[in-house]
Amino acid sequence: MKKQKLFLSPPTLSSPLLTILRLISSPFTTTSTAIAAAIANSERSEDDEASLSSPLVIAENDLLRASHKTQHGLHVLDLVDAGALEPTSVIYSSIIKRCTQLQKLKAGKIVHAHFLNSRLKGDVFFHNSIINMYCKCGSLEDAHKAFDEMPSRDMVSWTALITGYAQSDRPREALELFPRMLRLDLRPNGFTFASLFKACGAFSDDETGKQIHGVCIKYGCDLDVYVGSALLDMYARHGNMNEACLIFEHLDSKNEVSWNALIAGHARKEDAETALKLFCDMQRNGFGATHFTYSSIFSACAGIGALEQGKWVHAHMVKSGQKLTAFVGNTILDMYAKSGSIGDARKVFDRLDKRDIVSWNSMLTACAHHGLGKEAVSIFEEMRRIGIQPNQITFLCVLTACSHGGLLREGKHYFEMMKKYKLEPEVEHYVTIVDLLGRSGFLDQARDFIRKMPIEPNAAVWGALLGACRMHKNAELGQYAAERVFKLDPNDAGPCVLLYNIYATAGRWNNAARVRKMMKERGMKKEPACSWVELENSVHMFVANDDSHPEIKEIYTMWEHINGKIKEAGYKPDTEYVFLHADEQEREAKLQYHSEKIALAFALTKMPRGATIRIMKNIRMCRDCHSAIKYVSKVMGREIVVRDTNRFHHFSNGSCSCNDYW
DNA sequence: CTAGGGTTAG
């Protein structure tokens with residue numbers, strides 16, 4: 001055989017890129033086809049480099065002939081170069097397949113280049129696997145180039161590229177290809193549509209998806225499970241659950257994936273009730289819950305803080321013998337943390353065999369939400385000690401934890417530390433520092449910090465300063481910050497309410513009135529406040545001043561009783577923030593029926609003595625409710641946990657875990 | 001040779 005010249009420099013010898021041949025003494029009988037098959041069938045391993053070694057059998061003599069010996073073995077292409085193997089398309093094709101499986105872009109490129117330098121032609125199948133290899137290895141640029149340069153393209157070539165863009169979160173480019181493909185009279189199939197719908201799911205609007213849905217029906221592909229799951233997932237992502245359910249009902253056959261897509265859709269909408277119902281239906285229909293199912297369900301429970309239901313599903317999973325992977329474990333951890341059970345969250349974290357970066361970030365977030373600054377710091381230090389690389393989110397979590405825990409020095413220190421990890425702080429990181437300085441009362445420092453920012457401050461940055469101004473009752477700086485927020489984000493009612501409160505507190509009623517007028521003119525509305533509690537596997541929701549609950553009389557009676565008792569104990573209604581220009585009595589009346597108070601009264605009429613009461617709320621708690629609940633925890637001898645949009649408050653014996661700092 | 005579903009921040 002004639003020795004060929006390598007057209008690229010051979011791979012680094014210390015790190016063999018492709019199949020490694022192991023030295024064992026048995027006769028050399030391997031034909032190129034057998035080798036190729038062995039390469040393709042060699043087992044996958046979790047360890048990247050080791051997995052490249054394949055159990056090829058080759059005689060010592062032939063290896064010696066093949067001269068490019070390395071510490072670990074030989075590169076199969078070196079064998080080709082050395083003339084020990086006759087290169088065929090089958091060999092190239094098998095190696096490309098292997099590179100695809102192992103996501104080895106560099107190796108794939110070398111093989112591709114090597115092939116192009118050979119005299120072999122390669123059919124459309126081969127070129128399609130090249131496109132696929134580049135797509136799966138994450139280089140869409142190379143994939144597109146190979147697509148452009150191949151001798152001729154069929155429907156699969158187009159589909160492979162569309163799929164590549166769809167899977168790489170580049171939906172525009174995926175969809176652009178579709179009409180071009182149709183113009184060439186190529187018939188799309190289910191593979192094509194599945195990828196197109198995945199791409200459409202990334203858009204905020206429905207239109208393109210609906211149009212392609214029509215085309216799909218025309219080609220008779222819409223009842224296929226793959227296409228159907230992609231379709232229903234797309235509608236679910238656009239929030240159209242009715243259409244998603246309809247498609248699900250009409251599927252020819254259902255499988256785990258279609259069930260999971262539907263459940264995930266409801267979970268995304270925080271509709272834990274429907275998600276849980278489907279979870280049961282799925283199993284009644286003979287489909288076992290998978291890791292996908294469990295993650296969606298836990299995340300739905302986390303969304304509304306449904307601790308009891310989350311616990312039930314956790315038990316279900318343990319009984320079913322499912323292995324606890326990091327992915328699902330992270331969602332369980334998050335579920336416990338967001339349901340107020342920080343202790344259970346920590347237990348799950350400690351029991352995870354393999355933690356990934358999300359596990360660490362989730363645990364840090366849990367600490368941040370519960371005001372456990374010191375714990376967050378120690379977890380972060382543990383992470384560094386054992387050499388886990390923090391990412392941008394990690395820093396955001398630990399900075400937030402410092403901010404909520406009042407750890408000023410540590411927060412500044414970690415912000416500086418980002419550089420050491422070669423992470424550029426993003427605007428969100430600046431927000432946490434403004435928040436940290438502002439909460440600690442260093443308002444001027446916070447303002448100077450914003451001035452010196454190397455990137456343009458956004459509404460969130462000024463919003464953090466505004467929040468701090470409200471906390472520390474600084475009307476001048478508050479007004480300054482608010483003006484900037486209004487410019488950058490004119491439609492958010494939140495900052496207006498903050499500024500109104502600042503003026504109201506300062507007794508500047510004229511200014512306050514102007515803010516109200518502005519809100520009216522712009523048609524801005526406060527989000528209606530609501531609170532909910534979980535009771536025996538169902539969730540009870542309350543809106544302020546709403547008396548639609550069937551037991552509302554008992555609830556109000558209970559609140560009157562509580563109100564009397566806490567007043568005796570020293571509670572004074574804090575009316576200064578009430579969004580109403582009214583006399584004292586009216587203002588007090590308005591406060592009485594804040595939704596968390598109603599929810600608390602309800603829980604007190606229903607929950608057994610000694611049971612912790614957990615209340616969730618869709619906006620931040622007001623100062624008056626915070627003060628009232630502190631008294632309730634003392635007078636009634638109850639542990640009360642309240643989750644607002646910002647964090648958790650654990651009330652016990654008259655005080656709160658946030659130390660009135662939130 | 002080409003396809004669908006799940007987690008962390010603000």
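Since this is a predicted model, take the numbers as computed values, not measurements. Hydrogens, waters and symmetry mates are skipped; everything else that's a heavy atom, side chains included, is used.
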For residues 135-149 of chain A, which residues have at least one heavy atom under 4.0 Å from DNA chain B?
A/K136
Is the ring pair A/Y430/A/F449 parallel, tilted or perpendicular, if the boundaries are 30 and 60 degrees?
tilted
Partner set under ring-ring contact (aromatic ring centres under 6.0 Å, His included) for A/F327, not counting sequence neighbours
none
Just to verify, what does A/Y226 make a ring-ring contact (aromatic ring centres under 6.0 Å, His included) with, not counting sequence neighbours?
none
Tell me which residues in residues 334-347 of chain A lie within less than 4.0 Å of DNA chain B, going by non-hydrogen atoms.
A/D334, A/K338
Out of B/dG6, B/dG4, B/dA9, which has the shortest distance to the side chain of A/H369?
B/dA9
Determine the contact category for A/A264: base if any of its heavy atoms lies under 4.0 Å from a base atom, sugar-phosphate if only primed atoms, P, OP1 or OP2 are that close, otherwise nothing.
sugar-phosphate
Quick check: closest heavy atoms across A/I357 and A/T394, and the distance to 0.1 Å?
CD1-OG1, 3.6 Å
With under 30° as parallel and over 60° as perpendicular, where do the rings of A/F126 and A/Y92 fit, or are they tilted in between?
perpendicular
Select one nucleotide: of B/dT8, B/dG4, B/dG6, the one nearest the side-chain heavy atoms of A/V257.
B/dG4
Just checking A/V225: base, sugar-phosphate only, or nothing, at a heavy-atom cut-off of under 4.0 Å?
base
Is the CD atom of A/Q167 crowded by more than 12 outside heavy atoms at less than 6.0 Å?
yes
Scan A/D123 against the nucleic acid and name what it touches under 4.0 Å (heavy atoms): base, sugar-phosphate only, or nothing.
nothing
Where the side chain of A/L396 is concerned, which of B/dG6, B/dA9, B/dC1 is the nearest nucleotide?
B/dA9
Does the B/dG4 base have a donor-acceptor partner in the side chain of A/D224 within less than 3.5 Å?
no
Round to a whole Å and report the spacing from CD1 of A/I357 to C1' of B/dT7.
13 Å
Starting at CE of A/M234 and ending at C1' of B/dG4, how long is that distance when rounded to a whole Å?
13 Å
is_close_aromatic(A/F248, A/W259), centroid dist under 6.0 Å
yes
Base, sugar-phosphate or nothing for A/V328? Non-hydrogen atoms, less than 4.0 Å.
base
Categorize A/T400 for me: base, sugar-phosphate, or nothing, with a 4.0 angstrom heavy-atom threshold over every strand shown.
sugar-phosphate
Table please: side-chain donor-acceptor pairs of residues 171-183 of chain A below 3.5 Å, with sequence neighbours left out.
{"residue": "A/E173", "atom": "OE1", "partner": "A/R170", "partner atom": "NE", "Å": "3.0"}
{"residue": "A/E173", "atom": "OE2", "partner": "A/R170", "partner atom": "NE", "Å": "3.4"}
{"residue": "A/E173", "atom": "OE2", "partner": "A/R170", "partner atom": "NH2", "Å": "2.7"}

Near DNA chain B, counting only heavy atoms under 4.0 Å, which residues of residues 153-171 of chain A show up?
A/V156, A/T159, A/T163, A/Q167
Could you state the atom-to-atom distance from CG of A/L364 to P of B/dG10 in whole Å?
11 Å
Base of B/dG4 paired with side chain of A/S229 (donor-acceptor, under 3.5 Å):
yes
Rounded to the nearest Å, what distance is computed from the CG atom of residue A/N361 to the P atom of nucleotide B/dG10?
11 Å
Please pick, from B/dG4, B/dG10, B/dG6, the nucleotide with the shortest atom-to-atom distance to any side-chain atom of A/R268.
B/dG6
Phosphate contact (B/dT8 OP1 or OP2) by A/N330 side-chain N/O below 4.0 Å
no
Using the six-membered ring for Trp and the full ring for Phe, Tyr or His, decide whether A/F298 stacks on the six-membered base ring of B/dT7 (centres under 5.5 Å, planes under 30°).
no
Picking from B/dG4, B/dG6, B/dT2, the nucleotide nearest the side-chain atoms of A/F191 would be B/dT2
Sugar-phosphate only, base, or nothing, as touched by A/R355 at under 4.0 Å among non-hydrogen atoms:
nothing
Between P on B/dG6 and CG on A/L262, what's the gap in Å once rounded to a whole number?
12 Å
Could you walk me through whether A/D142 and A/K145 satisfy the salt bridge (charged side-chain N to carboxylate O under 4.0 Å, His left out) test, starting with their C-alpha distance in whole Å, then the side-chain angles of each, then the deciding distance to 0.1 Å, before giving a yes or no?
CA-CA 5 Å; A/D142 286 308; A/K145 194 161 174 267; 5.9 Å; no
Can you tell me how far P of B/dA3 sits from CD of A/E256, to the nearest Å?
20 Å
Between CG of A/D435 and C1' of B/dA9 the distance, given in whole Å, is 13 Å
Return the stacking result for B/dG6 and A/F327: yes when the ring centres lie under 5.5 Å apart and the planes under 30°, no otherwise.
yes
